[in-house]
Amino acid sequence: MEEVRATSAWVASRSSHVLVVSSGIEKVVESIKDSIPKVEWDFEGIHYFDDGPLTVQYLFVLDALNFCFWPDKDLSYDHLASGLKAALQNDKSVFDADRLQKYTGPQLRDLLKWPRPLPLEDERVRLLHEVGLELEKSFEGKASNLVKSCGKSAVELVSLVTRHFPGFRDHSVYKGHQVFLYKRAQIFAADLWGAFKGQGYGEFHDISSITIFADYIVPAVLRELGVLRYSTALASIIETNGEIGSGSEEEVELRACSVYAVEKMRELIEIKSGKQVLSVDLDLWLWSSGIHFPTLKHHRTLSIYY
Ligand SMILES: Nc1nc2c(c(CN[C@H]3C=C[C@H](O)[C@@H]3O)cn2[C@@H]2O[C@H](COP(=O)(O)O)[C@@H](O)[C@H]2O)c(=O)[nH]1
């Protein structure tokens, strides 16, 4: 994920709405360097797991739809993960590639037992179709074949996913330069690694290459921790629940500075403790503290990427 690291650093060095605060990073590192708070994957107990290829299919569908929950104040990631789990337990063929290509908005809503239209529902349906079609065309309908063909490399998996599935190509153009964040493609690798506990479909020799997943929770947590500081104008948009345009400088800076700041945090912990630290572990710790923080204000961008 060198391109995610390099392009995020590029944005951080030119950023004007979001500042990465070195003293904030040092403070956080001081408090966690001796023992990084370990958060278990599926600490919520909401994901499907059967130790086999169906779990891979479930995680791929989950991460194809893992974006934009905030426009509906009652909807959260939990509903998606547990709704898809219940649907699969009820009908083992629910995520077969041919069926993925045919879902309509109301059918997806039904599957998730959600009583009203989902945010960006037409995009969610389009992306499901894309997943079904390309899985059928190139991977005999199975996400497990996609994972098998990456040679136990998370970097290769992200590259394969973004090559085959345009909906996962999470990137922006910032000051004329292409910036890669690949949130959902990277989280798919991390979800496999977490669910299968680094074995079988979750075995990746390069899991340390994955960065954090730039969503709307982690930047808000980093700000609370004093690691990110916002311009007055940006702070006021977030405070008043204003929308931030997808691809705007503000949005790219929020996401890229988060990736960059956590990479700096990781490097500093490694220097101070002499131990290897995974961005995936830092991400889960930061994200889980964010979702347990009911008054946390996050930025609002309509996006299919996160
Ligand atoms: N950085 C980061 N962002 C993550 C996740 C996850 C879930 N990961 C699972 C993996 C293992 C655990 O057991 C988790 O269940 C979701 N999100 C993002 O959060 C937002 C949803 O928030 P809210 O509207 O409050 O539900 C939305 O952008 C969504 O894409 C993560 O791990 N890291």
Side-chain angles (χ1 to χ4, degrees), residues 1 4 8 37-49 55-56 58-85 112 114 118-120 123-124 127 167-168 170 181-198 202 207 210-225 227-228 241 244 246 251 254-263 265-266 278-306:
M1 299 298 44
V4 176
S8 293
K38 178 77 190 151
V39 178
E40 285 298 315
W41 192 87
D42 196 32
F43 62 92
E44 318 98 308
I46 54 174
H47 297 90
Y48 178 87
F49 187 72
T55 301
V56 181
Y58 163 80
L59 292 174
F60 196 47
V61 170
L62 173 66
D63 286 325
L65 303 178
N66 185 356
F67 57 87
C68 204
F69 302 96
W70 58 267
D72 185 324
K73 69 176 174 37
D74 299 318
L75 184 72
S76 72
Y77 170 80
D78 279 29
H79 296 106
L80 178 70
S82 58
L84 294 177
K85 175 186 179 181
L112 298 174
W114 197 247
L118 296 156
L120 300 179
E123 283 296 280
R124 289 188 145 90
L127 293 166
F168 282 86
D170 174 8
L181 294 159
Y182 291 156
K183 186 247 174 195
R184 292 193 287 104
Q186 293 201 81
I187 212 171
F188 175 52
D191 282 345
L192 289 163
W193 184 75
F196 290 90
K197 300 199 182 326
I207 193 67
I210 297 289
T211 69
I212 58 146
F213 321 118
D215 68 338
Y216 48 84
I217 303 286
V218 171
V221 174
L222 291 173
R223 184 188 184 201
E224 283 298 323
L225 291 172
V227 168
L228 295 185
N241 290 333
I244 294 176
S246 172
E251 191 226 11
L254 281 161
R255 300 185 73 207
C257 288
S258 297
V259 172
Y260 174 76
V262 179
E263 287 307 305
M265 203 183 276
R266 189 179 58 76
L278 299 178
S279 299
V280 184
D281 286 335
L282 291 175
D283 178 88
L284 201 49
W285 164 59
L286 291 165
W287 185 77
S288 63
S289 31
I291 55 159
H292 292 131
F293 192 150
T295 55
L296 191 73
K297 285 263 184 186
H298 62 72
H299 74 279
R300 291 159 187 261
T301 296
L302 281 177
S303 171
I304 62 156
Y305 294 136
Y306 63 100

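Order of appearance sets the numbers: ligands from 1, and atoms from 1 within every ligand. Small disclaimer: the values here were computed from a predicted structure and weren't measured. Sequence positions, counted from 1, serve as the residue numbers for this chain.
- In terms of polar-atom proximity, defined here as any N/O pair under 3.5 Å, Glu40 makes no such contact with ligand 1.
- Of the protein's non-hydrogen atoms, Glu44 OE2, 2.4 Å is the one closest to atom 15 (O) of ligand 1.
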**Q.** Audit row: Phe293, His298, ring-ring contact (aromatic ring centres under 6.0 Å, His included) steps and yes/no
**A.** CA-CA 11 Å; Phe293 192 150; His298 62 72; over 10 Å; no
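- Contact atoms of ligand 1 toward Ser76: 26 (O) (distance under 4.0 Å to a heavy atom of the residue).
- Listed by number with element, the atoms of ligand 1 under 4.0 Å from a non-hydrogen atom of Ile217 are 19 (O), 20 (C), 22 (O), 25 (O).
- Side-chain N or O atoms of His292 include none that pairs as donor or acceptor with a backbone N or O of Ser289 at under 3.5 Å.
- Checked against a 3.5 angstrom limit, the closest N/O atoms of Ile46 and ligand 1 fall outside it.
- Of the protein's heavy atoms, Asp283 OD2, 2.7 Å lies nearest to atom 33 (N) of ligand 1.
- Below 4.0 Å from some heavy atom of Phe69 lie the following atoms of ligand 1, by number and element: 21 (C), 24 (O), 27 (C), 29 (C).
- By the 4.0 Å heavy-atom criterion, Val218 is counted among the residues contacting ligand 1.
- Remark: side-chain polar atoms of Arg184 are paired, donor with acceptor, to backbone N or O of Ala64 under 3.5 angstrom.
- For ligand 1, the atoms sitting less than 4.0 Å from at least one non-hydrogen atom of Phe43 are 13 (O), numbered in the order shown with element in parentheses.
- For the pair Tyr58 (side chain) and His47 (backbone), a donor-acceptor distance under 3.5 Å is absent.
- Distance alone, capped at 3.5 Å, places no donor-acceptor pair between the Arg266 side chain and the Ser279 backbone.
- If you look at Leu284 next to ligand 1, the close heavy atoms, those under 4.0 Å, all belong to the side chain.
- Those atoms of ligand 1 that come under 4.0 Å of a heavy atom in Asp191, given as number and element, are 10 (C).
- No heavy atom of Arg184 sits closer than 4.0 Å to any atom of ligand 1.
- Taking a cutoff of 4.0 Å between a charged side-chain nitrogen and a carboxylate oxygen, Asp170 and Arg255 qualify as a salt bridge.
- Ranked by closest heavy atom to atom 23 (P) of ligand 1, the top entry among Trp70, Trp41, Tyr216 is Tyr216.
- Of all protein heavy atoms, the one closest to atom 29 (C) of ligand 1 is Asn66 OD1, 3.2 Å.
- Classification of the Trp287-Phe43 ring pair by plane angle, with boundaries at 30° and 60°, yields perpendicular.
- Distance from atom 18 (C) of ligand 1 to its nearest protein heavy atom, with residue and atom name: Asp215 OD2, 3.3 Å.
- With ligand atoms numbered from 1 in the order given, ligand 1 contributes 28 (O) to contacts under 4.0 Å with heavy atoms of Tyr306.
- With respect to atom 16 (C) of ligand 1, the closest heavy atom belonging to the protein is Trp287 CZ2, 3.3 Å.
- Defined by atom type and a distance below 3.5 Å, a donor-acceptor pair is present between the side-chain atoms of Thr211 and Gln186.
- Using bins of under 30°, 30° to 60° and over 60° for the plane-to-plane angle, the ring pair Phe60/Phe188 lands in the tilted bin.
- The aromatic rings of Phe49 and Phe196 sit perpendicular to each other, their planes meeting at more than 60°, with 30° as the lower class boundary.
- Heavy-atom neighbours of Lys297 NZ from other residues, nucleotides or ligands within 6.0 Å: above the threshold of 12.
- Among protein heavy atoms, atom 9 (C) of ligand 1 sits closest to Tyr77 OH, 3.7 Å.
- A donor-acceptor contact shorter than 3.5 Å links the side chain of Thr301 to the backbone of Ile244.
- Scanning all protein heavy atoms for the shortest distance to atom 30 (O) of ligand 1 gives Lys183 NZ, 2.4 Å.
- Residue contacts with ligand 1 for Ile187 involve side-chain atoms from C-beta outward but no N, CA, C or O (heavy atoms, distance under 4.0 Å).
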